[in-house]
There are 2 protein chains.
Amino acid sequence: MSLNSARTSRAGPCETKDTQARLLNAAEALFIDAGYAGMSARAIADRAAVNIAAMGYHFGSKQGLLQAVLIRRIAPINRSRRARLAAVPERGSESVKAILHAFLWPVFFNEHEAPARRLMGRVMTEPAEVVEPLLNLVFSDVIEQFVVAMAACFPKQDPALIAQKFSFVAGALNFTVLRPAERLFGSAPANEVSFERLLNFAVDGFQEGPSVTVVHEDIV
Amino acid sequence: MSLNSARTSRAGPCETKDTQARLLNAAEALFIDAGYAGMSARAIADRAAVNIAAMGYHFGSKQGLLQAVLIRRIAPINRSRRARLAAVPERGSESVKAILHAFLWPVFFNEHEAPARRLMGRVMTEPAEVVEPLLNLVFSDVIEQFVVAMAACFPKQDPALIAQKFSFVAGALNFTVLRPAERLFGSAPANEVSFERLLNFAVDGFQEGPSVTVVHEDIV
DNA sequence: CCCGAGTTTAAACGGTCGTTTAAACTTATC
DNA sequence: GATAAGTTTAAACGACCGTTTAAACTCGGG
């Protein structure tokens with residue numbers, strides 16, 4: 001049998017890696033469009049032109065297949081994020097922008113840009129509780145590193161504020177690549193222009209200190 | 001039969017409005033937690049302590065029930081948004097903040113705050129294509145009005161930039177009320193503090209002009 | 001040449017899905 | 001009390017769900 005523990009003995013016959021790749025591609029496309037509930041085992045098998053039992057054989061379960069889909073695309077992005085973060089000059093006046101650049105750039109510009117972007121946006125908003133452990137598996141480490149790095153830029157500010165601002169940036173990033181944002185706001189899909197807009201928006205949002213205290217009127 | 005066209009003849013017997021309210025409440029709770037695919041007809045009926053056929057009788061279909069759920073909560077929010085937007089002083093230096101305040105406040109503070117917030121965040125990121133027409137039905141008008149109002153504050157800027165910045169704000173707003181944001185970023189759930197943070201973040205993001213041009217290095 | 005590990009396959013498993021039907025029930029009006 | 005509109009109900013509809021089984025197939029190594 002396979003299930004990762006395979007690939008140890010000699011080659012095996014047919015087109016194993018091809019079957020796995022076809023399953024990954026089909027599952028990815030369906031997940032991006034329709035979420036976890038919408039990527040049905042039969043739809044995946046049909047799109048991949050593969051028998052339905054192949055999913056269980058190669059990935060154990062539907063959740064296992066999704067995990068492989070996520071790791072294939074998002075692990076390289078997070079590696080790139082970490083490498084760029086490590087190259088950010090400490091405490092310089094440009095650090096904030098450089099940190100946000102390191103966080104955003106690998107999502108916009110990488111191998112398979114569009115699938116990776118949409119995949120990320122989709123998984124971060126997925127309601128199915130099966131994906132929660134996958135989210136932590138894939139994202140929690142890198143997020144923590146970025147929050148720590150950014151907090152170092154604002155030693156006087158509440159770290160919880162930094163974390164929440166980062167979640168605003170992540171929200172803007174994720175929402176931007178989802179279909180509702182493009183449809184409802186008529187905004188262009190992700191590209192170089194969108195990247196610069198989002199980066200500048202995030203940098204300005206992180207600038208220190210609230211401008212004016214907020215008014216709490218009670219109009220209906 | 002019912003289906004909205006009801007309530008025309010005399011009272012009807014039992015507890016019609018009660019049954020409808022129970023269905024609405026149950027569907028709302030399930031949709032918030034699990035999305036459209038996760039709010040199954042049987043789960044709704046069970047939670048509402050109502051026969052499963054009542055959904056079809058009162059709302060026509062599962063999609064019809066979701067539409068009623070959305071309108072019940074989001075229409076009042078959008079009414080409040082419009083009223084507040086109409087009260088914003090034109091072109092004043094505080095207009096930007098006032099417009100964003102009018103956009104965000106009714107989501108955070110209204111009757112049934114938490115359900116309304118989470119409902120909004122969930123529906124804006126829902127993959128199921130059944131909700132797309134509902135999104136346009138509920139949101140497109142109010143969004144256009146806010147983009148137009150904000151564009152008037154920045155007559156020299158590209159309107160597409162304004163629209164995209166608004167989609168960043170909407171993304172930050174929506175993501176903030178979803179569970180992944182709370183879990184991954186350890187940030188507090190929506191409350192007064194979060195509201196002010198988000199408002200200030202949005203205001204700063206809208207400030208005119210990019211700070212520095214972006215660097216396009218190519219680290220791996 | 002055949003053995004056996006690795007892979008693919010058809011078929012079926014029990015369950016849940018959204019929706020529909022027709023009969024039973026409730027109640028205001030005559 | 002009979003009538004009829006409105007509402008609730010049990011039961012079933014066909015379709016699809018994720019997963020599993022056991023047999024067929026592929027092919028390198030003995």
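Letters A, B, ... mirror the listed sequences (proteins, then strands); counts begin at 1. What's counted below: heavy atoms across the whole structure, side chains too, no hydrogens, waters or symmetry copies. Everything numeric here is computed off the predicted structure, so don't read it as measured data.
- Counting to the nearest Å, the C1' atom of C:dT19 and the NZ atom of B:K62 are 12 Å from each other.
- For B:N51 and C:dC25, the CG to P distance is 14 Å, given to the nearest whole Å.
- Going from atom CG of A:L65 over to atom C1' of D:dC17 covers 16 Å, rounded to whole Å.
- Between B:T19 and D:dT8, a side-chain N or O to OP1/OP2 separation shorter than 4.0 Å is present.
- Between A:W105 and A:F109, the two ring planes are tilted [angle within 30° to 60°].
- Whole-Å rounding puts the B:H58 NE2 to C:dT19 P distance at 15 Å.
- Residue A:R42 contributes atom CZ, which lies 11 Å from atom C1' of C:dC13 at whole-angstrom precision.
- Each of D:dT19, C:dT21, D:dT20 was ranked by its minimum atom distance to the side chain of B:A53; first place goes to C:dT21.
- Considering CD1 of B:I32 and CG of B:L119, their distance stands at 5.0 Å, rounded to 0.5 Å.
- Between B:F59 atom CZ and C:dT19 atom P there is a gap of 13 Å when expressed in whole angstrom units.
- In this structure, the CG atom of B:L23 is 11 Å from the P atom of D:dT9, given to the nearest Å.
- Following rounding to the nearest Å, B:Y57 (OH) and C:dA24 (P) show an atom-to-atom distance of 18 Å.
- The phosphate of D:dC17 has OP1 or OP2 within less than 4.0 Å of a side-chain N or O from A:S40.
- Ion pairing between a basic and an acidic side chain is recognised when a charged N comes within 4.0 Å of a carboxylate O; B:E182 and B:R118 show such pairing.
- Ion pair B:R179/B:D33 flagged as a salt bridge, since at least one NZ, NE, NH1 or NH2 atom sits closer than 4.0 Å to an Asp/Glu carboxylate oxygen.
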